Number of protein chains: 2
Amino acid sequence: MAENEKTLGGMLREARELKKLSLREVEVKSGISNAYLSQLENDKIKKPSANTLYKLGDLYNITFDELMVSAGIIEQSSEQRNKNVHYAFSSDNLSQEEEQALIDYLKFLRYQQKDAK
Amino acid sequence: MAENEKTLGGMLREARELKKLSLREVEVKSGISNAYLSQLENDKIKKPSANTLYKLGDLYNITFDELMVSAGIIEQSSEQRNKNVHYAFSSDNLSQEEEQALIDYLKFLRYQQKDAK
DNA sequence: ACAAGTTGCTAATTATATCAAGCAATATTA
DNA sequence: TAATATTGCTTGATATAATTAGCAACTTGT
């Protein structure tokens with residue numbers, strides 16, 4: 001239950017694309033070679049170092065724990081789940097306008113949901 | 001700054017001795033070879049895997065962050081780091097569907113932004 | 001159409017984490 | 001004292017993380 005379908009590679013690729021960065025841009029920002037990044041995103045690496053995982057989590061604003069979970073290193077505990085904030089949204093990920101737009105959109109979503117019920 | 005006097009090896013050895021365990025006992029409990037444990041405690045390993053670090057932290061009841069810090073992987077605890085980042089949305093806050101909808105909407109926003117440029 | 005750049009990727013190589021075997025020193029017990 | 005475990009450790013072998021160099025498919029600009 002609560003099977004985390006997302007692989008490590010899948011998460012990393014999704015996060016990178018969300019930021020609209022190429023592998024070579026991430027290489028510059030993280031110091032990790034684009035070749036290796038490609039392997040990571042295609043799930044060809046089984047046990048990345050804590051270093052690597054940390055750098056990418058930092059860059060993509062994914063919590064380290066979340067990466068550890070999808071890398072199969074730890075299992076999601078409810079304790080951690082409470083602490084976890086979702087990787088997709090963080091303050092340096094979003095411009096003011098985007099943040100406001102998303103908040104508005106969230107309100108809209110919930111407004112709809114309420115009606116549907 | 002914030003020189004952490006303690007090395008990774010130092011911490012691991014101290015923790016093990018506190019529990020009065022031999023390297024071979026830790027080997028059995030953790031699945032990490034005593035040879036490698038010895039190298040770890042003597043600071044001969046530069047970048048242990050997230051796996052290894054996690055297992056030992058678990059066994060010794062050392063927080064993972066603490067080990068990461070003494071391994072030189074992070075400077076401050078990631079707990080601290082997470083506080084520095086203001087997250088607009090937490091996972092407690094969002095259902096899976098909402099999350100996905102917001103991600104899609106964010107992609108849409110950025111697609112527009114790109115054209116405007 | 002062509003040149004120049006960008007993209008993600010792979011094969012080959014290097015670096016290093018990790019393990020298996022065994023050694024010397026100390027502890028234990030007969 | 002001798003025999004036997006138990007200790008931490010080193011060396012050599014293996015697995016795999018991570019890099020360098022380069023290739024083919026696309027874009028972009030001229």
Side-chain angles (χ1 to χ4, degrees), chain A residues 6-60 62 64 66-74, chain B residues 6-60 62 64 66-74 107 110-111 113-117:
Chain A
K6 215 154 286 184
T7 70
L8 177 64
M11 288 197 60
L12 292 176
R13 170 144 301 166
E14 193 175 316
R16 179 173 62 83
E17 288 177 344
L18 201 63
K19 291 216 164 197
K20 299 206 185 307
L21 295 172
S22 71
L23 290 177
R24 279 175 178 80
E25 287 172 321
V26 173
E27 167 171 331
V28 170
K29 285 173 183 287
S30 70
I32 299 168
S33 74
N34 71 79
Y36 188 55
L37 290 168
S38 172
Q39 293 172 225
L40 277 172
E41 292 191 0
N42 290 313
D43 289 310
K44 287 172 182 169
I45 303 299
K46 299 163 207 167
K47 290 166 135 187
S49 75
N51 250 295
T52 297
L53 233 46
Y54 180 77
K55 282 185 204 158
L56 293 177
D58 201 38
L59 178 58
Y60 294 144
I62 303 178
F64 189 75
E66 209 164 352
L67 286 183
M68 299 270 289
V69 169
S70 55
I73 291 165
I74 62 178
Chain B
K6 216 150 286 186
T7 72
L8 176 63
M11 288 198 60
L12 291 176
R13 170 147 300 166
E14 195 175 315
R16 180 173 61 83
E17 288 176 344
L18 202 65
K19 294 218 165 198
K20 302 206 184 305
L21 295 171
S22 71
L23 291 178
R24 279 175 178 81
E25 288 172 320
V26 173
E27 167 171 332
V28 170
K29 285 174 183 285
S30 69
I32 299 167
S33 74
N34 71 80
Y36 188 55
L37 289 168
S38 172
Q39 292 172 224
L40 276 172
E41 293 190 0
N42 290 311
D43 289 311
K44 287 170 182 169
I45 303 298
K46 299 163 206 167
K47 291 170 152 186
S49 76
N51 249 296
T52 297
L53 233 46
Y54 181 78
K55 282 185 204 159
L56 292 177
D58 202 37
L59 178 58
Y60 294 145
I62 303 178
F64 188 75
E66 244 177 316
L67 287 182
M68 297 272 288
V69 169
S70 54
I73 291 165
I74 60 180
K107 284 180 183 170
R110 289 186 169 164
Y111 180 76
Q113 214 168 11
K114 193 183 65 178
D115 285 348
K117 200 174 175 190

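Just so it is clear, the model here is predicted, and its values are computed rather than measured. Naming convention: chains lettered A, B, ... in sequence-line order (proteins, then strands); numbering from 1 in each chain.
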> Yes or no on side-chain contact (heavy atoms from CB on, under 4.5 Å) for Leu53(A) and Met68(A), after CA distance, side-chain angles and deciding distance?
Replying inline: CA-CA 8 Å; Leu53(A) 233 46; Met68(A) 299 270 289; 4.0 Å; yes

Does a side-chain N or O of [X] approach OP1 or OP2 of [N] to a distance below 4.0 Å, or not?
{"X": "Arg24(B)", "N": "dA5(D)", "result": "no"}
{"X": "Thr52(A)", "N": "dA18(D)", "result": "yes"}
{"X": "Ser22(A)", "N": "dT6(C)", "result": "no"}
{"X": "Arg16(A)", "N": "dG8(C)", "result": "yes"}
{"X": "Arg13(B)", "N": "dC9(D)", "result": "yes"}

Return the nearest nucleotide to the side chain of [X]; candidates are [options].
{"X": "Ile32(A)", "options": "dC19(C), dG22(D), dT19(D)", "result": "dT19(D)"}
{"X": "Gln39(A)", "options": "dT19(D), dC9(D), dG8(C)", "result": "dT19(D)"}
{"X": "Asn42(A)", "options": "dT10(C), dT7(C), dT19(D)", "result": "dT10(C)"}
{"X": "Lys46(B)", "options": "dT11(D), dA17(C), dA18(D)", "result": "dA17(C)"}

Over how many whole Å does the gap from [X] atom [atom1] to [N] atom [atom2] extend?
{"X": "Glu27(B)", "N": "dC9(D)", "atom1": "CD", "atom2": "P", "result": "14 Å"}
{"X": "Leu37(B)", "N": "dC9(D)", "atom1": "CG", "atom2": "C1'", "result": "12 Å"}
{"X": "Leu23(B)", "N": "dC19(C)", "atom1": "CG", "atom2": "P", "result": "13 Å"}
{"X": "Leu53(B)", "N": "dA17(C)", "atom1": "CG", "atom2": "P", "result": "12 Å"}

> Can you find a heavy atom in the side chain of Leu12(A) that is under 4.5 Å from one in the side chain of Leu37(A)?
Replying inline: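 In short, these two side chains do not touch, never coming nearer than 4.5 Å.
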
> Between Leu21(B) and Ser49(A), which has a closest nucleotide on DNA chain D that is more 5'?
Replying inline: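 This one resolves to Leu21(B).
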
>> Between Lys44(B) and Lys47(B), which residue's closest nucleotide on DNA chain D lies nearer the 5′ terminus?
In response: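 Nearest-nucleotide comparison on DNA chain D picks Lys44(B).
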
>> Using a 3.5 Å distance criterion without hydrogens, assess whether the side chain of Ser38(A) forms a donor-acceptor pair with backbone atoms of Asn34(A).
In response: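 Judged by distance alone, no pair lies under 3.5 Å.
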
>> Donor-acceptor pair, distance only, cut-off 3.5 Å: does the side chain of Ser30(A) make one with the backbone of Val26(A)?
In response: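 Answer holds: yes.
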
> Is any NZ, NE, NH1 or NH2 atom of the basic residue among Lys6(A) and Glu14(A) found under 4.0 Å from an Asp or Glu carboxylate oxygen of the other?
Replying inline: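 Salt bridge: yes.
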
> Which sits closer to the 5' end of DNA chain C, Ile45(B) or Ala35(B), going by the nucleotide each is nearest to?
Replying inline: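 Nearest-nucleotide comparison on DNA chain C picks Ile45(B).
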
> With sugar-phosphate meaning primed atoms plus P, OP1 and OP2, does Glu41(B) contact a base, only sugar-phosphate, or nothing at under 4.0 Å between heavy atoms?
Replying inline: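 No contact.
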
